[in-house]
Amino acid sequence: MSSSVSSVRLPLRAAPPLYGRREWRADGARAPSPALVAVKPLSCRAPASYRSALLLHRRRRYALPPDPKKYQEWDSLTAKFAGAANVPFLLLQLPQIILNARNLLAGNKTALFAVPWLGMLTGLLGNLSLLSYFAKKKETGAVIVQTLGVISTYVVIAQLAMAESMPLPQFVATSAVVAAGLLLNFLNYFGWLPGTLWLLWEDFITIGGLAVLPQVMWSTFVPFIPNSLLPGIISGSLAATAVVMARMGKLSKGGINFVGSLSGWTATLLFMWMPVAQMWTNYLNPSNIKGLSAFTMLLAMIGNGLMIPRAVHWFCLGIFPTGLGFDSISRESFLATTFGLLLWLGFTLWRDTIAHGNSSPVTSLKELLFGK
């Protein structure tokens, strides 16, 4: 008696594996080939167009660079560039401080009007916000850099107040905030500050930053636009409402996370507005540009230029324009600096293209701006 055996029609040739290529392990080695998926009858297989779209989606989502060694080398190199950026950032305000001191001793207070106090204020608040972030994370190196940034920028602001370029009430308020911020961050870094008081400080810098940023942006263009405190009042009120609702649990989890990230975004925008205010001042008063230290601008460009490879590597590019002028440096030096910056940007994009396995720099640029 013969037993009947059920049969299944198979395709004439084996179906390809589910993934188009092998995946990479964290240590850079190839992972074992995935097991083949059970082959379904031809009548049950999805259309070819759907399978192609599915494979393309999975490759875009899961595929890692074809050469992990180059990726790891570029990752390590960009981290070193970012670490080297601390050197010019530490010395950033020193040339401007020296130049301001010389002009003050010579009785040339007008030269200090070349440095906008609103721009310096945004940089100071940005440093103070980042100092709070790194102090909370207990990152010693970053805390030292941001502390020196706060102190050096405050020295410049004090010089501007001495030259009567910055109004006295604004200087007094800034001094109080800087003193309180340095003290609270110092106490929190060593664990000597109550948690409730630290939360109040975090809320303060979030609300204060969001109130100051629109107000500074508005005030930069006075008298071309009416002088008004409404931008700061409106944005500060909205920020205070959002913070209070987040603390009371009236927001969703996504809303709470968004409020928590506001201080970081505010610090970034404050730093970005600093050179904008400087360039606007240079445009309005080109005769005072000799009161601006070209070395400070050069250090700022070098420091941010060293940060660009790391930023591009993580798809988060920030542009930091500089306010150099032909009256401050020679035409040859300006052209050489510009050419060097363009070469550096080209090198960064080219190496990032290779590290991420893209076919062209255009592809890397599209991923940078619009994501994968």
Side-chain angles (χ1 to χ4, degrees), residues 79-94 97 120-159 161 170-213 236 239-240 242-244 246-249 256-271 274 299-300 303-304 306-307 310-311 314 316 318:
K80 292 178 181 178
F81 286 149
N86 287 329
V87 177
F89 283 147
L90 285 173
L91 304 174
L92 182 60
Q93 298 297 340
L94 185 59
I97 292 173
M120 300 306 300
L121 179 62
T122 59
L124 176 66
L125 294 177
N127 281 124
L128 198 58
S129 180
L130 290 179
L131 172 60
S132 300
Y133 174 80
F134 290 121
K136 182 179 180 180
K137 298 291 184 181
K138 300 295 189 294
E139 296 189 18
T140 305
V143 167
I144 294 175
V145 171
Q146 296 303 326
T147 301
L148 292 177
V150 170
I151 295 174
S152 60
T153 306
Y154 177 77
V155 171
V156 175
I157 288 180
Q159 291 175 326
Q170 284 84 336
F171 173 71
V172 172
T174 301
S175 300
V177 171
V178 170
L182 290 176
L183 177 62
L184 292 175
N185 278 283
F186 176 81
L187 294 176
N188 183 66
Y189 179 80
F190 289 100
W192 300 339
L193 189 69
T196 304
L197 190 57
W198 179 252
L199 289 178
L200 290 176
W201 168 251
E202 287 187 322
D203 292 342
F204 173 77
I205 60 174
T206 299
I207 298 172
L210 288 173
V212 168
L213 177 61
V243 169
V244 171
R247 293 300 184 195
M248 295 177 62
I256 294 176
N257 292 335
F258 175 74
V259 173
S261 66
L262 284 178
S263 60
W265 282 105
T266 304
T268 302
L269 293 174
L270 286 169
F271 279 124
M274 182 178 178
L299 288 171
N304 287 277
L306 289 171
M307 292 292 292
R310 192 65 177 174
W314 293 112
C316 180

Check your understanding: Hey, what do you get for CG (Leu148) to CG (Leu94), rounding to the nearest 0.5 Å?
Key -> 11.0 Å
Exercise for review: Determine whether Thr206 and Thr266 make a side-chain contact, defined as any pair of heavy atoms from C-beta on separated by less than 4.5 Å.
Suggested key: no
Review point. Looking only at heavy atoms, what is the nearest atom pair of Asn185 and Ala135, with distance?
Key: OD1-CB, 3.6 Å
**Study point:** Spacing of Ser152 atom OG and Met120 atom CE [to the nearest 0.5 Å]
**Key:** 7.5 Å
Review point. Excluding sequence neighbours, so at least two apart, what forms side-chain contact (heavy atoms from CB on, under 4.5 Å) with Val178?
Key: Leu124, Val150, Tyr154, Thr174, Leu182
Check your understanding: What residues, two or more places apart in sequence or in another chain, satisfy side chain to side chain donor-acceptor pair (under 3.5 Å) together with Asp203?
Key -> Arg247
Review point. Which atoms form the tightest heavy-atom contact between Val156 and Gln93, and what is the distance?
Key: CG2-OE1, 3.7 Å
Study note, to complete from the structure: Nearest heavy-atom contact between Ile207 and Ala240 is CD1-CA, 3.7 Å
Practice item. Output all residues satisfying side-chain contact (heavy atoms from CB on, under 4.5 Å) with Leu130, sequence neighbours left out; order by chain, then residue number. Key: Phe134, Gln146, Ala267, Phe271
**Study point:** Considering all heavy atoms, the nearest Pro88-Leu299 contact
**Key:** CB-O, 3.6 Å
Study note, to complete from the structure: The complete set of salt bridge (Lys or Arg N to Asp or Glu O under 4.0 Å) pairs with one or both residues in residues 182-200, sequence neighbours excluded, reads none
Practice item. Begin from the C-alpha positions of Ser129 and Tyr133 and carry the test side-chain contact (heavy atoms from CB on, under 4.5 Å) through to its verdict. Key: CA-CA 6 Å; Ser129 180; Tyr133 174 80; over 6 Å; no
Exercise for review: Take atom NZ of Lys137 as the centre, draw a 6.0 Å sphere, and report whether it contains more than 12 heavy atoms from other residues, nucleotides or ligands.
Suggested key: no
Exercise for review: Return the minimal non-hydrogen interatomic distance between Gln159 and Ile97, and the atom names on each side.
Suggested key: NE2-O, 3.2 Å
**Study point:** Spacing of Glu202 atom CD and Leu184 atom CG [to the nearest 0.5 Å]
**Key:** 11.0 Å
**Study point:** Closest non-hydrogen atom pair between Leu210 and Ala239, with its separation
**Key:** CD1-CB, 3.5 Å
Point to revise | Pairing residues for Phe204 by the ring pair (Phe, Tyr, Trp, His ring centres under 6.0 Å) criterion, not counting sequence neighbours | key: Trp201
**Study point:** Interatomic distance, Leu213 atom CG to Leu125 atom CG [nearest 0.5 angstrom]
**Key:** 9.5 Å
Check your understanding: Quick one: CG on Asn127 to CD1 on Ile151, what's the gap to the nearest 0.5 Å?
Key -> 10.5 Å
Point to revise | Partners meeting ring pair (Phe, Tyr, Trp, His ring centres under 6.0 Å) with Tyr189 (sequence neighbours left out) | key: none
